[in-house]
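To start, the structure under review is shown below, and the notes come after it.
Chain identifiers are assigned alphabetically (A, B, ...) following the order of the sequence lines, protein sequences preceding nucleic acid strands; residue numbering begins at 1 within each chain. Note: hydrogens, waters and symmetry copies are ignored here, and every other heavy atom, side chains too, is used.
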Amino acid sequence: MPVTVLLFAGLREIVGAGELSRPIEAAATVDAVWRDLRDHWPALTPYGPSLTCAVNAQYAPMSSPVQDGDEVAFLPPVSGG
Amino acid sequence: MPVTVLLFAGLREIVGAGELSRPIEAAATVDAVWRDLRDHWPALTPYGPSLTCAVNAQYAPMSSPVQDGDEVAFLPPVSGG
Amino acid sequence: MAPRFAITAEPLDVAALLATAQQLHDLLARDRNIEGPGAVILFVGVVRGRHQGQEVRALTYEAYTPLAVASFERIAAEAGVRVADAVLCIHHRIGTLEVGEPSVVIAAVAAHRGEAYAVSRFAIERIKQITPVWKREVLVDGASWVEGATVDPDAPEPLADAWSRTCP
Amino acid sequence: MAPRFAITAEPLDVAALLATAQQLHDLLARDRNIEGPGAVILFVGVVRGRHQGQEVRALTYEAYTPLAVASFERIAAEAGVRVADAVLCIHHRIGTLEVGEPSVVIAAVAAHRGEAYAVSRFAIERIKQITPVWKREVLVDGASWVEGATVDPDAPEPLADAWSRTCP
């Protein structure tokens with residue numbers, strides 16, 4: 001049951017990829033996807049408190065459920081303009 | 001001892017000219033020039049309280065002295081922008 | 001490079017004024033050894049097709065050109081008293097304009113947006129108070145001069161009022 | 001006509017966005033039988049040559065494009081809650097930009113200037129809070145991602161803060 005994970009800016013550079021497929025368990029949440037990533041790339045850990053996220057290109061809280069095939073994006077602090 | 005009088009917008013239309021030469025007396029003021037105009041074109045009278053003026057393309061109070069050859073401009077309420 | 005301040009019968013060129021204002025701020029920043037242009041606010045006043053319920057066909061603008069240009073210089077100096085390192089450019093058009101055409105373009109440039117917004121808003125408020133430009137509305141059933149403001153340029157209250165409308 | 005909201009790798013065209021925004025407000029005004037466009041505020045963010053004392057050589061922008069465009073739509077809807085009859089267009093550039101190039105252009109159009117200034121300022125404040133765009137500064141001695149804001153788009157306080165910066 002994979003989800004597509006999108007990573008940007010500093011997160012992308014730590015992982016070395018902007019898009020990756022990760023398996024999830026049944027009844028997973030965005031937060032579970034994040035914890036899985038963090039376990040594989042501990043350098044992501046400092047970003048935890050300053051993350052926002054999106055599911056299928058919509059803003060979503062970390063507690064949101066994720067399903068098979070969802071696109072889960074992790075967004076470090078934004079700096080547009 | 002003439003001065004050049006400049007008139008704009010509604011004032012210009014009342015007098016029928018945007019520029020005219022008017023004689024002045026020694027030790028005249030902008031206000032005296034205005035009174036002379038108003039005596040010749042009484043339809044100017046209602047503009048008196050809402051006028052601003054300029055002497056030689058600089059803002060000036062009605063009490064400013066005018067001299068031979070000065071350019072005296074009478075400005076109705078402005079509406080630029 | 002376009003002139004900083006102008007009264008012109010030609011159509012206004014927003015992109016050219018933007019480029020000029022940026023260049024001027026860049027020169028200022030080098031000269032003063034400060035941060036260069038980061039934010040530009042362009043105010044574009046356009047002829048509205050309706051005013052107070054009446055259909056407007058066109059507007060005719062008239063100016064006392066030398067004093068109008070001097071008023072722009074004065075407004076820039078006034079702005080500089082409160083916002084030190086901004087650049088202000090103002091072009092106002094005269095003649096007959098169709099609905100939708102720009103009548104005035106103001107470019108305010110600063111390192112940061114707060115200053116640029118403040119200078120921009122201050123400038124348009126002050127232009128409407130003191131710049132000797134007059135507009136004549138051509139409506140369906142006749143034409144008339146719009147009579148706006150009578151403000152002593154040296155009076156402190158209108159100056160304070162113009163600042164009061166700027167962004168915090 | 002340019003799209004209302006865009007993330008693009010092409011250079012931004014300020015004049016085209018102005019024209020689009022004016023046309024959209026004109027259509028809105030006809031549809032709602034209200035006054036048409038009278039004031040346009042263009043906010044142009046440009047790459048500054050210096051940031052916090054360090055010389056900037058270039059900036060690279062990256063976006064999560066579909067969510068960034070959705071954020072612009074959201075910001076326009078939020079603006080509409082307080083200012084009913086304005087039009088907002090936003091284009092943000094991505095890729096590598098040189099000093100002086102526009103990174104973002106916002107066109108806010110309304111019948112009257114107060115509303116246009118308010119919508120413009122609200123939009124840039126909100127973009128800086130919630131739009132998923134990131135900038136990487138290339139300095140003389142290295143490059144780093146600029147980490148700006150972390151804001152829950154649904155939280156009321158940042159929304160109120162963005163409005164608090166608009167002009168009265």
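- Among D:Ile124, D:Val40, D:Asp13, the residue with the largest count of heavy-atom pairs under 4.5 Å with chain C is D:Val40.
- For D:Ser103, no part sits under 4.5 Å from any heavy atom of chain C, backbone or side chain.
- Among D:Gln22, D:Gln23, D:Glu35, D:Arg48, the residue with the largest count of heavy-atom pairs under 4.5 Å with chain C is D:Arg48.
- Looking at C:Val47, the atoms closer than 4.5 Å to chain D (heavy atoms on both sides) all sit in the backbone: N, CA, C or O.
- Of the listed residues (D:Pro102, D:Ala116, D:Ala111, D:Ala29), the one with the most heavy-atom contacts under 4.5 Å to chain C is D:Ala111.
- The main-chain N or O of D:Asp161 is found under 3.5 Å from a side-chain atom of D:Ser164 such that the two form a donor-acceptor pair.
- At least one donor-acceptor pair closer than 3.5 Å links the side chain of C:Arg50 to the backbone N or O of D:Ile34.
- Checking side-chain atoms of D:Ser71 against main-chain N and O of D:Ala68 turns up a donor-acceptor pair under 3.5 Å.
- Of the listed residues D:Val109, D:Leu42, D:Val14, D:Leu18, the one with more heavy-atom pairs under 4.5 angstrom with chain C than any other is D:Leu42.
- Of the possible donor and acceptor atoms, one in the side chain of D:Arg126 sits under 3.5 Å from a partner among the backbone N and O of D:Pro153.
- Of the residues considered (C:Gly38, C:Ala107, C:Gly36, C:Ala108), C:Gly38 shows the highest number of contacts with chain D, using heavy-atom pairs under 4.5 Å.
- Ranked by heavy-atom pairs shorter than 4.5 Å toward chain C, the options D:Ala15, D:Ala39, D:Gly100, D:Pro37 are led by D:Pro37.
- Under a 4.0 Å N-O distance rule, the pair C:Arg93/C:Glu101 qualifies as a salt bridge.
- Between C:Tyr61 and C:Thr96, the side chains place no donor N or O within less than 3.5 Å of an acceptor N or O (distance only, hydrogens not considered).
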